[in-house]
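Below you'll find the structure, written out as C-alpha cells, and then a few comments.
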Amino acid sequence: MTALVLEGLGKSYDGVETIRDIDLQVRSGEFVVLVGSSGCGKSTVLRMIAGLESVSHGTIRIGDRDVTHAPAADRGVAMVFQSYALYPHMTVRENLAFGLKNIGTPKATIAQAVDHAATVLELDALLDRMPHQLSGGQRQRVAIGRAIVRDPAIFLFDEPLSNLDADLRVRMRHELAALHRRLGSTMIYVTHDQVEAMTLADRLVILDKGRIAQVGTPLEIYDRPANVFTAGFIGSPRINLLAATVIGREGAMTLFELAGGARIACDRGGALAMGDAVTLGLRPEHLRLQPGADGVALPMVVEAVEALGHSTYLYGQLAAGGEFRAKLDGHHAVTGAVTLYADPARVLVFDRAGVAADGGASS
C-alpha cells in the first residue's frame, strides 16, 4: 500500500519558485528521510505534507485521499518539531493527553492512548513530572509521545534531534529506529545531518535547490550517486572530485587522464567519447597506502593530519594540483609527501553535465 504520493509538488513565494516538481511515492511503513543542505526546501516539503504550508501546484495524496488543500487537522498526520513545544505548566501525562482532550476524545480513550505511548517510549515513571524536571532526551520523547497518542497515518519529523548534544543524538537515533520497528508506522524525517539520514532511512530523498537530486537506499546512493551533487553531499570526509579526460579504451575499461598526468582505467564510462571532459570521484575512505595489484598511484602533499586512533585523516593537495582528502584505517604517522593508491573499481565517473556516466541509483 502507498501511504503518500506527491505529484508535481511545487511552492512559490512572491513569484519565486522554491520547490520544483517534487514526485515521490512513500510506501506504507517506510522510513523516508529528506536530506539536503540548509535552504534546499526539505522543511517546506514536510510542512506542505502536514498542511502547514499551502501548495502552489501539484497534488498530495495520503492513502486513497487527495489532501492537497485539506486542513492540517484532517490529514491524519502528526508532526514532531525541532523544539519540544511542551506546555511548561502541565505534567507529562497532561502534555500527552492535551491534543486528544482538545478535540473531545472520551477520557477512557485518552487514558488508554497515553498509557500506550508512555509504555512504548518508556515514560511510565515520568508521567507526573513537569517538563523542567526532564532531560533533553526525555522531553523529546514526550514530544514524540504527543504524536503517538494521535495514532496518525504518517509521522512527520522536522529535525527533531538538532537541539540535543552529540551523545544524546546518537542514543535518540537508536530510540527512533527502535520506535519505527515497534510501531511499523510510516515516518518521514527531515535532517541536514547525513549520519542521521544514513542510519535511519529505508530510503533517502536528496534535495538540491528545491528539486529531488536522487532517491534510493542509503547504500545505493553512497555506492552509485546519480550526480556530482549527491556524490559530494553524502560521505564524510567529502569525496574528492577530480577533472579528467577520456583518452582511450582497453577492452571493457575506459582510460582517463588527470590534469597532472596520472592515468586511471576503470569499467565505468563506456559510453563516453574520446576527448570528453569528465569528473572522477574518489572517496577518501577508498584510498590506501599500499599499491595492491591494480592501485593507481596519486602523490599527495599532506598539509594537515587528524589522528583519531581508529583512523587517520589526511588533508592537502595532489602533487599535480588540486585539493585532496584521505581517510586511512588505524594510526599513521604521515608528514610531507605521501603516495596514495586508488582502487579503480571504486572510482566514480561523471560526465560533463555532472551526471553519473553509468546511471546511478534510481531517482
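Atom set for the values below is all heavy atoms of this structure, side chains included, hydrogens, waters and symmetry mates excluded.
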> Step by step, would you call Tyr13 with Glu53 a side chain to side chain donor-acceptor pair (under 3.5 Å)?
Replying inline: CA-CA 11 Å; Tyr13 295 97; Glu53 291 276 359; 3.2 Å; yes
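- For the pair Val55 and Leu9, the minimum side-chain heavy-atom distance is below 4.5 Å.
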Side-chain donor-acceptor contacts of residues 82-89 below 3.5 Å, not counting sequence neighbours, with atom names and distances?
from  : atom 1 : to     : atom 2 : distance (Å)
Gln82 : NE2    : Ser162 : OG     : 3.0

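- Atoms OG1 and CZ, on Thr68 and Arg75 in that order, are 7.0 Å from each other to the nearest 0.5 Å.
- Looking at heavy atoms from C-beta onward, Asn95 lies in side-chain contact with Pro131 at the 4.5 angstrom threshold.
- Counting heavy atoms of neighbouring residues, nucleotides and ligands inside a 6.0 Å radius, atom CD of Glu257 exceeds 12 of them.
- A donor-acceptor contact shorter than 3.5 Å links the side chain of Arg238 to the backbone of Gly232.
- Remark: Arg283 is positioned above the aromatic ring of Tyr222, its terminal NZ or CZ atom under 6.0 angstrom from the ring centre and at most 45 degrees off the axis.
- Looking at Glu196, its side chain never comes within 3.5 Å of a backbone N or O of Arg173 through a donor-acceptor pair.
- Nearest heavy atom pair, residue Leu46 against residue Leu156, reads CD1-CD2, 3.8 Å.
- Using modelled atom types and a 3.5 Å distance limit, the side chains of Thr91 and Arg129 yield no donor-acceptor pair.
- Few gaps surround NE2 on His332; more than 12 heavy atoms of other groups in view lie less than 6.0 Å from it.
- Rounded to the nearest 0.5 angstrom, Leu348 CG and Asn227 CG are separated by 11.5 Å.
- Here the side chains of Thr186 and Leu4 are not in contact, with every heavy-atom distance at 4.5 Å or above.
- Contact annotation: the side chain of Leu298 approaches that of Leu282 to within less than 4.5 Å [non-hydrogen atoms, C-beta and beyond].
- More than 12 heavy atoms of other residues, nucleotides or ligands shown are found within 6.0 angstrom of CG on Asp23.
- The side-chain heavy atoms of Val35 and Leu207, taken from C-beta on, include no pair separated by under 4.5 Å.
- More than 12 non-hydrogen atoms from other residues, nucleotides or ligands lie less than 6.0 angstrom from NE2 of His57.
- Under the 3.5 Å distance criterion, with hydrogens and angles disregarded, no donor-acceptor pair is assigned to the side chains of Asp193 and Thr191.
- Using a cut-off of 4.0 Å between Lys/Arg side-chain N and Asp/Glu carboxylate O, Asp202 and Arg27 are scored as not salt-bridged.
- Relative ring orientation between His180 and Phe31 is described as perpendicular, the plane-to-plane angle rising above 60° on a 0-90° scale split at 30° and 60°.
- Distance check, rounded to the nearest 0.5 Å: CD1 of Ile19 to CZ of Arg211 gives 10.5 Å.
- A salt bridge links Glu7 with Arg61: at least one charged nitrogen is closer than 4.0 Å to a carboxylate oxygen.
- Evaluation of the ring-ring contact (aromatic ring centres under 6.0 Å, His included) test over residues 118-146, restricted to residues two or more places apart or in two chains, returns none.
- Asp124 approaches Ala118 most closely through the heavy-atom pair OD1-O, 3.1 Å.
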Acceptor/donor pairs from residues 301-311 side chains to any protein atom, 3.5 angstrom cut, sequence neighbours excluded:
from   : atom 1 : to     : atom 2 : distance (Å)
Glu306 : OE1    : Tyr315 : OH     : 3.3

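- Remark: Arg249 CZ is packed, more than 12 non-hydrogen atoms of other residues, nucleotides or ligands lying under 6.0 Å away.
- A heavy-atom distance below 4.5 Å is not found between the side chains of Phe233 and Pro225.
- In this structure the side chain of Ile49 reaches within 4.5 angstrom of the side chain of Leu6, judged on heavy atoms.
- Residues Val77 and Val67 form no side-chain contact, since every pair of their non-hydrogen atoms from C-beta on lies 4.5 Å or further apart.
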